[in-house]
Amino acid sequence: MEKTETLEYTYKDFASDQEVRWCPGCGDYAILKSVQKVMPEVGIRKEDVVFVSGIGCSSRFPYYMDTYGFHSIHGRAPALATGVKLANPSLSVWQITGDGDALAIGGNHFIHAIRRNVDLNILLFNNRIYGLTKGQFSPTTDLGQKTKSSPQGTIDNPFNPGELVIGASGHFFARVADTNPKLMQAVFKEAAKHSGTSIVEIMQNCVIFNDKVYANYTAKENRADHIITIEHGKPMLFGANNEKGLVLRGFKLEAVTLGENGITEEDILVHDAYEEDNTVHMMLAKLKMPIVNGVIRAYKDDTFEMRLKKQVEEIERTSKFKSVNDLFTSGETWEIK
Amino acid sequence: MGTTAVQELDKVVIKFAGDSGDGMQLTGTQFTGTSALLGNDIATFPDYPAEIRAPQGTVAGVSGFQVHIGQTHIYTPGDQPDVLVAMNAAALKANISEVPRGKTIIIDIDNFKRKDWEKAGFAEDPLESGVLKDYHVIEAPITSLTRKALEGLGLDNKSITRSKNMFALGMVYWMFSRPLDYTERFLKDKFAKKELIYEGNVKALKAGYNYAETIEALSSASTILPADMAPGLYKNIMGNEATAWGFLAAAEKAGKELFLGSYPITPASEILHEISKHKHFGAKAFQAEDEIAGITSAIGAAFAGDLAITTTSGPGLALKGEALGLAVMTELPLVVVDVQRGGPSTGLPTKTEQSDLMQALYGRNGESPVIVVAAKSPAHCFDMAFMASKLALEHVTPVVLLTDGYVANGSQPWRIKQVEDLDDIVPHEASKNMMNWQPYERDTASLARYMVYPGMAGYEHRIGGLEKDHITGNISYDPRNHEEMVRIREEKVQRVANYIPDLEVQGEESGELLVVGWGGTYGSLTTAINQCQAQGRPVGHAHFSFIKPLPKNTAEVFGRFKKIVVCELNNGQLVNYLRGELPQFDYLQYNKIQGLPFRVAELTEKIADILAGK
Ligand code: SF4
């Protein structure tokens, strides 16, 4: 949804009077703050914003936003949010979800919301664990990881959310770490601006049940070399001094160092987030080292609501029935005197 | 019409049966339409093949259409046919046990060759074996006569053969003195761009009519005079269509857009189909990815201010259970339609049953009261869809509307309503000048909360599935608050009794026996009670459309009778609900669980037994 108008809000206007009840040190706090900070810049009136969630630690989120909110049931928020948006397309609808909520119990709704491309902004807090139920593995838990419900280690393969989103014909996918508020805000703003379903995966740390799951990427000493932040139209560079980059070798992305083996900046891939073909986006989403942050895919297309509107106008033009009363008296009728 | 005197009949039941490719549904609806225009009262029921792609000529592939017309009031499609049209051996095999001896069977002998009757599962040639000896059988070479009649028209063989249903229809038209013009008009419209096919069909129709006259198919043609129906404009309507229209009317009356979230399921899908056609009436038909998304999308739409509904059948209601609980907890207006079919599990998808009542009342976790209402007949689906919407919006609570496969697929004349004839619907909403509005503040009379919708500035609030404070709606784990909220949610539903009509009694107002039913058995029970009364067996009949809450005068009505028998197409669901709600009465019960409606004869026999003290 394109919004240009800037309203006189500060982030405090978006904080509700409810006490925030996540564990101290939980990554959710930083995400909440970033969302509250971004809202005034998105330029939507508070009363036109709806936060919808399912069940899980992250799904408490709507209570903390001073907007309209609906804390629904486990996994079903994409469908509920779709209903809100279709009932009133002028609303800005956000869905807060987690890896269990979106990818396990709600997997079906998640992929179908994406497929339809309703204008929803979905923030997926991926901590790769079940927090609220106290420590079972989730669909994104690393293979072999020991948890309460996998004391010998998991034996099921994890989902990569980006791969799933793009595979479900997703038009917008971004990834960001909860340790990077600046990028979170930038990416949330892009998601809000994108018309269609936007998914932002947030690498979120659960201090209690899966602490440091992303430390290999987000720890100060690792960040520069293990995360690449990409931006549309810019070469895909990373490293403390942007001395590394991504190139395409055959059908694979490869991390290279400039100056080594004759590599120059010319050889580095330039990011095209708007490209319809998702092949490179898929490779970026799947890359494990470095992991890709930023807006990976932002392909613009008609939304479900736009198509619905067109269809309604078409029926209006062609239908024999101009009113419900017309319909009721249509077909063969007879009069009894 | 020849010179033979035309015999007047009170009513007649005709069943058209043939292979699923033989066009029997069309034939049946044509007979229905023609008779409706003549002013008869009508009820119809289609009998679709059990399997979609059953082999041709087998019993599994037989498609039928039963129509009951009368000059007196007709409440059911009829127990048993007076005339069976069997287009092939399988159609005879599938239906003969339903036709009482002495009645008329028209058969197309062209499809009764050895291979035909073997395929149909007859051990011997039915024309020889004597199975037809007690019937008035009209053996007509329908297929070959149709071919002959259409010779030289330039139609291909397939189109010629396909016209044989019109030949059969023509015969029946003669037998019951029906004019051909309605069907001729219909064919002209249908084949507007296929002149040759139109001509072929009309030729076949007329040939059939003339043939019946020539052979004097019945000793004389009969007729059924117009029924004595309330004045007005009528049309024939199917139950599912009426349900869809009731919602369209309710949305318009409430000044709201309609949102339907639904997943296809037999026998409810036609409601989704019908609303999908009329999106320009502000009716958003959303085909969701599953039953759960059907209801949760509707809940989202209700929160955002639409008249929100979801439609399904039994298995779907089971899937929606958790979300329906969410609508109870958040107190949102929502209508769930369950077109009941035989269960449990996949059960009998194309057959009827009343076995979801307990599920509708109690099939959720926690104390989870909803309003439960039911439709009595195809046309009554319109009224109940409208009423369910009104109650949901005015009382801010979910409503379950129960119909069933029998009512949903059946049709009857509907006295056309216009939006301005209907009751007002006033959604229970916060007004702009309400001071210090709180999400769970209530109307003191109805206990309904005041809705506000996203987009209204200054009313931003959060709701959800966690227990909430009884005023602010904030999460509350306070034990006393929880108990209070449980009681309020129940009381709110009970107070709906102040806004619904009293329970009416037909037949005797008091006395020996009260026959109690609910929903789709209305037609069978009414016919049975009328017959009992006519035979001098005094009984009363009370039929529930409002089940939770019960009408306020229910106990008073029950108290007027010595005996009460509750008749249901299940193993005793309403009766056990009544035993819980009104334990001061003794209840007899009569249950049928065969996927079929009650037969009038079964009911009258049961009633006679009870009256005789058996
Ligand atoms: S359990 Fe983990 S995810 Fe949940 S609030 Fe605590 S730290 Fe956050």
Side-chain angles (χ1 to χ4, degrees), chain A residues 16 18 45-53 55 62-63 65-88 90-91 108-109 111-113 115 308 311-317 319 321 323-325 327-337, chain B residues 33 36-37 39 182 226 229-236 245 248-249 252 257 259 261 277-281 284 286 288-290 292-294 296-306 308 322-323 326 330 416-419 453-466 474-475:
Chain A
S16 78
Q18 297 294 295
R45 311 198 68 88
K46 240 168 71 159
E47 62 269 23
D48 292 333
V49 178
V50 183
F51 276 83
V52 177
S53 66
I55 295 293
Y63 292 116
M65 296 293 297
D66 193 27
T67 62
Y68 283 91
F70 202 139
H71 178 210
S72 76
I73 45 176
H74 208 7
R76 318 303 170 197
L80 200 142
T82 298
V84 171
K85 183 72 183 175
L86 296 184
N88 185 353
S90 66
L91 299 172
N108 196 33
H109 309 302
I111 56 172
H112 286 281
R115 175 178 70 84
L308 179 63
Q311 212 172 51
V312 167
E313 285 163 2
E314 175 66 15
I315 306 173
E316 238 153 38
R317 228 168 34 74
S319 175
F321 314 120
S323 70
V324 172
N325 281 347
L327 173 67
F328 294 173
T329 46
S330 67
E332 288 288 346
T333 61
W334 67 95
E335 174 115 39
I336 305 242
K337 297 229 162 75
Chain B
L37 287 187
Y182 172 84
M229 292 172 64
L233 191 63
Y234 284 82
K235 71 176 291 159
N236 208 41
W245 289 11
L248 291 174
E252 177 131 342
E257 299 212 322
F259 181 94
K277 287 188 218 157
H278 309 297
K279 290 185 181 144
H280 66 305
F281 295 152
K284 283 156 281 192
F286 175 65
E289 59 272 21
D290 60 21
I292 301 171
T296 41
S297 60
I299 290 172
F303 177 65
D306 277 359
E322 186 198 11
L326 176 68
T330 48
I416 294 173
K417 294 195 168 122
Q418 296 281 274
V419 172
Y453 310 115
M456 286 173 68
Y459 290 82
E460 293 83 2
H461 67 285
R462 276 69 54 196
I463 62 172
L466 288 168
N474 290 331
I475 300 171

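All values derive from a computational prediction rather than experimental measurement.
Here Pro454(B) is the residue among Gly232(B), Gly458(B), Gly261(B), Pro454(B) with the most heavy-atom pairs under 4.5 Å with chain A. Each of Tyr459(B), Phe259(B), Phe281(B) has some count of heavy-atom pairs under 4.5 Å with chain A, and the biggest count is that of Phe281(B). Counting heavy-atom pairs closer than 4.5 Å to chain B, the top-ranked of the candidates Leu327(A), Thr333(A), Asp66(A) is Leu327(A). Ranked by heavy-atom pairs shorter than 4.5 Å toward chain B, the options Ala81(A), Gly69(A), Ala87(A) are led by Gly69(A). When each of Ala113(A), Ser330(A), Gly331(A), Gly75(A) is scored by its heavy-atom pairs under 4.5 Å with chain B, the top score falls to Ser330(A). Between chain A and the options Leu233(B), Thr330(B), Ile299(B), heavy-atom pairs under 4.5 Å are most frequent for Leu233(B). If you tally non-hydrogen atom pairs under 4.5 Å between each of Lys279(B), Glu289(B), Met229(B) and chain A, the highest count goes to Glu289(B). Between chain A and the options Gly465(B), Gly33(B), Ala302(B), Ala301(B), heavy-atom pairs under 4.5 Å are most frequent for Ala301(B). Across Ala323(B), Gly300(B), Gly305(B), Pro231(B), the residue that shares the most heavy-atom pairs under 4.5 angstrom with chain A is Gly300(B). Highest contact tally toward chain B, considering only Thr82(A), Asn88(A), Leu86(A), is held by Leu86(A) [criterion: heavy-atom pairs under 4.5 Å].
Judged by distance alone, the side chain of Asn325(A) and the main-chain N or O of Val419(B) form a donor-acceptor pair under 3.5 Å. Between the side chain of Tyr63(A) and the backbone N or O of Asn474(B), no donor-acceptor pair lies under 3.5 Å. Under the 3.5 Å distance criterion, the side-chain polar atoms of His280(B) are matched with a main-chain donor or acceptor of Phe321(A).
Only the side chain of Gln18(A) comes within contact range of chain B, with at least one heavy atom under 4.5 Å from a heavy atom of that chain. Heavy-atom distances place the backbone of Ala230(B), and not its side chain, under 4.5 Å from chain A. Only the backbone of Tyr453(B) comes within contact range of chain A, with heavy atoms under 4.5 Å apart. In this structure, the portions of Ala457(B) lying under 4.5 Å from any heavy atom of chain A include both its backbone and its side chain. Proximity to chain B is limited to the backbone of Thr67(A), based on heavy atoms less than 4.5 angstrom apart. Only the side chain of Glu252(B) comes within less than 4.5 Å of a heavy atom of chain A; its backbone N, CA, C and O stay farther away. Heavy atoms of Gln311(A) lying under 4.5 Å from chain B belong exclusively to its side chain. Looking at Ile463(B), the atoms closer than 4.5 Å to chain A (heavy atoms on both sides) sit in the backbone and in the side chain alike.
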* To do: Please assess Gln418(B) against Phe328(A) for the test side-chain contact (heavy atoms from CB on, under 4.5 Å), listing each intermediate value before the final yes or no.
  => CA-CA 7 Å; Gln418(B) 296 281 274; Phe328(A) 294 173; 4.0 Å; yes
* **Test log, rule side-chain contact (heavy atoms from CB on, under 4.5 Å), inputs Tyr68(A) and Arg462(B)** => CA-CA 6 Å; Tyr68(A) 283 91; Arg462(B) 276 69 54 196; over 6 Å; no
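Below 30°, between 30° and 60°, or above 60°: for Trp334(A) and Tyr234(B) the angle between ring planes is below 30°, a parallel geometry.
Nearest heavy-atom pair across Val84(A) and Ala304(B) is O-CB, 3.8 Å.
The distance from the CZ atom of Arg76(A) to the CG atom of Leu326(B) is 11.5 Å, given to the nearest 0.5 Å. Going from atom NZ of Lys277(B) over to atom CD1 of Ile315(A) covers 11.5 Å, rounded to the nearest 0.5 Å. Here the straight-line distance linking atom CD of Glu460(B) with atom CE of Met65(A) works out to 11.0 Å at 0.5 Å rounding.
Using a 4.5 Å cut-off on side-chain heavy atoms (C-beta onward), Leu37(B) and Glu332(A) make contact. Considering only heavy atoms from C-beta on, Ile292(B) stays 4.5 Å or farther from Asn108(A) through its side chain. At a threshold of 4.5 Å between non-hydrogen side-chain atoms, the residues Phe303(B) and Val50(A) count as touching. Contact annotation: the side chain of His109(A) approaches that of Asp290(B) to within less than 4.5 Å [non-hydrogen atoms, C-beta and beyond].
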